[in-house]
Amino acid sequence: MNSIDVAIIIFYILLTIGIGIWISKKASQGLDDYFLGGNSIKWYYLGLSNGSGMFDVSGTAWMVGVLFLYGVKSFFFMWLWPIWNQIFVMMFLAVWIRKSNTMTGSEWILTRFGNDKAGRASHIIVAVFAIISTIGFIAYFFEGIGKFMTIILPWDLTLHFGDMLLLTSEQAYALLVIFLTTIYTIKGGMFSVVATEVLQYGIMVVAGLLVAAYTLITYTDVQVNSLITEEWKNVFFSPELGPHWGEKLQAFNNLIDTEGYKMFGSLVGMSLFKGFFASIAGPTPSYDLQRILSTKSVKEAAYMSGFTNLILFIPRYLLIAGIVVIALVALAPEMAINPNLSGADLEVIMPKVINLHIPVGIKGLLLAGLLAAFMSTFSAFVNAGPAYIVNDLYKKYFKPNETSEHYIRISQIASFLVVGLGVFMGFFADSINSLTLWITSALFGGYVAANFLKWVWWRFNGWGYFWGMLSGLIVASLEFVLEQNKGNFATGSLLETLSGMQAIYLFPIILVFSALGCILGTYLSQPTDMEVLKSFYTNVRPWGWWKPVYKTLKNEDRSFQKNNDFTNDMFNCVIGIVWQSSMIVLPVYFMIRDYPKAIASLIIFLITSIVLKYTWLDKVREIKD
C-alpha cells in the first residue's frame, strides 16, 4: 500500500480510539449511562449509529459476492436476514418496545410474563439467547475481518511455535483489529459506541461516494454492458433461475447451478414465510433493540427506526455496486477460466478489487471506511451482549445491591469474556457464508415462534416462552454442528442429507420444534397472572388475540379502546418493503448505467415516501409520550 493510504488508516484508527476514550467519562455514572446513554442521546444520532452498526464489512463482502453472481435480483438474498424486519420495527414495534422503559430485551420480557418462576425462566432464556447470538456474530466478524485484512495488507503475521502453526495471518489480523475496537467499546459504553459510529458512518458514506464516482469516470457504459446480460439486470424472477451470464463467462452459470439457490422461487417463498414471522417477532436482543430502548421517548423510537432505514441502503449499495462494476470489468474474465471456481472466490472479490484496482487516496479512505464498518458493528454487539450478563443475570440473581462502579467493572469483564468466546468460535467457522446462513436461518429461526406469540396471544405464558426458545436454541445448535461436520457422515444417511441442506430450508423444521415447545409449555402450566397481562396490554396495546384481557379491562373502564391498527400497520409494512427495496436497486441500476430502471426506482421511492408521510409519519407525530 502507498504511504498515503497507510497514513489515512492510522489517522482514522487513532481518531476513533481517541474519541471513544475521550467521551467515555460520561459512561461512569451507572448502568443506564453505560448501556443506554442515560436515554439522553438524540434520536438522529442513534439512527446514524444504528445504520452504521448494520454496515458491517463481512456482510458487505458477502453482498458484493451475491450481487456479482446473481445480478440485481440478489437483493432478495437480503431477505434471509430479513432486512425488512426494520420496516416492521419502524411501523409499530419500536413504539411497543419503547413503552417498557427497561434496559434490555430480557428485562422487557418481565413486563409481559411477570416476575414469578415462569417469568424468571423466560427472562433467563432470552438473556442466554442474546449472549449466544452475540458470540455467534463476533465469530462472523472474526472470520470476515481476517479474510479482508490479509488480502489488503502486505505483511504476513503468521505465528509459529517451532513447527506448530499457532495463528494464521488472517487470525492474527482479526485479533489485532478486535483488540483495538474492544478497548474503546469497553471503556465508554453506549456514549463511546454512538459517538464513534456517527464518525464511522460519515467515513463510510464518503468512501462509498468516492468509489461510485471513480467507477463512473473510469469505466464506460460499453465496458459494463458488454459483460452483463438482460437477465442479470432483471429484478424479477421465475421459479427456477435461468442463465445470467454469456457464453464466454459460462463458469458463472455453472457456479449458480451448484450454489443451492437454483430454485429461486422456493428461496424467496421461504424467505417471505420466515420473514413475516421473524419481523413481527421483533428485533433480536442485540444492538438494534438497545438503540430503541436508548431513545428519549416513544415517539423518538419510531423516528429513529425510520431514519435508520432511510440513511442505510443508498450509500451502502453505491459502494457495493461500485465494487461489483469494477470486478465485472477487471476480474470476471480471469475468474471465469478458473476450473475450480467456487463460492469462496466470491467472498474475496471485494478485497481483491480494493487491493488491485482502487487508486491511491481513495483506497485509504475506502479501507478506513470498511474498517469503520467492522468496528462500528462489532462495538455495537460488544456493548449490547454484556448488558444481558450483568443486568439480567449477575445483578438480578447474584449481586443485586452493589455500586454502579462495581457493575461497570463487571460489565467490562463480561465484554472481554463474550469477545473471547466469539473469537474462539470464529476459529472453527468454515466461511462467512456458513456463519451468515446459520445466524439468519437457524439461530434466528429458534427465536421466531416464541417472540411472535408473545405479542399476539394472551394465553402464551413464561413457561411456553422458555420451552419454545430452548427448543429452538437446541435445534439451531445441532444444525451448526451438523453443518460443520457435513463431510463426516455416511453417504445417503439422514444426517448427511440434513448437513448438506441450505439453512434457510431447515427453518420450517426449527420453527415446528420451537412452536411445539411453546404450545406444550403454555398448556401444561398456568396462565400468566391477569394483573400482569392487564398492565402489559394497557401499556403496550398490541393487536392480536387478547379478548379475555380486553373484556376485563373494558368492564373496569368503559372508555378503554383496543388496538385496531392491524390493517393499517400491515399496509404500511407492504409499502415500506417496496420503499426499502427501491433504495437498494436504485444505486445498483445507476451504477450499471441502466438509467430507465434507475429512474423507475427513483419514482417508486418518491411515491412510497409520500404515501408513508400520510399513513405513518403523521400518525407518529400524534403520539403522546
* How about N309 and Q580: does a side-chain donor come under 3.5 Å of a side-chain acceptor? -> yes
* Determine, stepwise, if the pair F536 / W546 fulfils ring pair (Phe, Tyr, Trp, His ring centres under 6.0 Å). => CA-CA 11 Å; F536 173 81; W546 291 88; 5.7 Å; yes
* **I354 side chain near P351 side chain, heavy-atom distance below 4.5 Å** => no
* Is there a side-chain contact between W43 and K299, using heavy atoms and a 4.5 Å cut-off? -> no
* May I ask you to check whether F307 and Y44 place their ring centers less than 6.0 Å from one another? => no
* Asked: Listed by chain and number, what are the salt bridge (Lys or Arg N to Asp or Glu O under 4.0 Å) partners of R316, not counting sequence neighbours?
  -> D56
* To do: Apply side chain to side chain contact (heavy atoms under 4.5 Å, CB included) to V66 and L346, showing your working.
  => CA-CA 7 Å; V66 295; L346 302 177; 5.8 Å; no
* **Atom CZ of F264 with >12 non-hydrogen neighbours under 6.0 angstrom** => yes
* So with a 6.0 Å cut-off around OH of Y595, is the heavy-atom count from everything else above 12? -> yes
* Asked: Is the shortest heavy-atom distance from the side chain of V611 to the side chain of F571 under 4.5 Å?
  -> yes
* Structure fact -> Closest heavy-atom pair, I326 versus I358, reported as atoms and distance to 0.1 Å, is CD1-CD1, 3.7 Å
* Heavy atoms, side chains only, cut-off 4.5 Å: are I8 and Y12 in contact? -> no
* Does one side chain, of K352 or N355, offer a donor that lies under 3.5 Å from an acceptor on the other? -> no
* Structure fact -> Heavy-atom nearest pair, G322 first then T215, reads O-OG1, 3.5 Å
* Stepwise side chain to side chain contact (heavy atoms under 4.5 Å, CB included) test for F590 and L216 -> CA-CA 9 Å; F590 179 69; L216 289 169; 3.6 Å; yes
* K619 side, atom NZ; L617 side, atom CG - distance, nearest 0.5 Å -> 12.5 Å
* **Distance-only side-chain donor-acceptor flag, S297 / R98, under 3.5 Å** => no
* To do: Write down the atom of L453, the atom of R112, and the distance for their closest heavy-atom approach.
  => O-NH2, 4.4 Å
* Structure fact -> Output for pair (M63 CE, I584 CD1), nearest 0.5 Å, gives 8.5 Å
* Evaluate the side-chain proximity of I256 to L69: yes if any heavy-atom separation is below 4.5 Å, no if none is. => yes
* Asked: Step by step, would you call W79 with N85 a side chain to side chain contact (heavy atoms under 4.5 Å, CB included)?
  -> CA-CA 9 Å; W79 289 11; N85 67 341; over 6 Å; no
* To do: Could you walk me through whether I280 and V448 pass the side chain to side chain contact (heavy atoms under 4.5 Å, CB included) test, one step at a time?
  => CA-CA 9 Å; I280 294 185; V448 166; over 6 Å; no
* Asked: Are K233 and E230 close enough for a salt bridge, meaning some N to O gap below 4.0 Å?
  -> yes
* Min side-chain heavy-atom separation M263-L267 under 4.5 Å -> no
* Asked: For K597, does the NZ atom have more than 12 heavy-atom neighbours from other residues, nucleotides or ligands under 6.0 Å away?
  -> yes
* Side-chain donor-acceptor pair present, W543, D569, cut-off under 3.5 Å -> yes
* To do: State which residue, out of I610, I603, I604, fulfils the side chain to side chain contact (heavy atoms under 4.5 Å, CB included) condition with I607.
  => I603
* Asked: How far does OG of S609 sit from CD1 of I575, to the nearest 0.5 angstrom?
  -> 11.0 Å
* Structure fact -> The reported gap from CG in D594 to CG in N225 (rounded to nearest 0.5 angstrom) is 7.5 Å
* To do: Drop me the distance from L511's CG to F273's CZ, to the nearest 0.5 angstrom.
  => 5.5 Å
* Asked: Can you name the closest pair of heavy atoms from A332 and L249 and give their distance?
  -> O-CD2, 3.9 Å
* Over all atoms of both residues, closest heavy-atom pair of A207 and L366 -> CB-CA, 3.8 Å
* Can you tell which of F76, W232, F75, F77 makes a ring-ring contact (aromatic ring centres under 6.0 Å, His included) with Y70? -> F77
* Asked: Does I320 reach the side chain of M591, with side-chain heavy atoms less than 4.5 Å apart?
  -> no
* Asked: Quick one: are the ring centres of F68 and W245 less than 6.0 Å apart?
  -> yes
* Worked verdict on E231 versus K73 for salt bridge (Lys or Arg N to Asp or Glu O under 4.0 Å) -> CA-CA 9 Å; E231 183 60 27; K73 63 176 64 65; 2.9 Å; yes
* Pairwise side-chain contact, L310 with M583, heavy-atom cut-off 4.5 Å (strictly under) -> yes
* Asked: Do side-chain atoms of N572 reach the backbone of M91 as a donor and acceptor pair under 3.5 angstrom?
  -> no
* Structure fact -> Of all heavy-atom pairs linking W579 and G306, the shortest is CH2-O, 4.1 Å
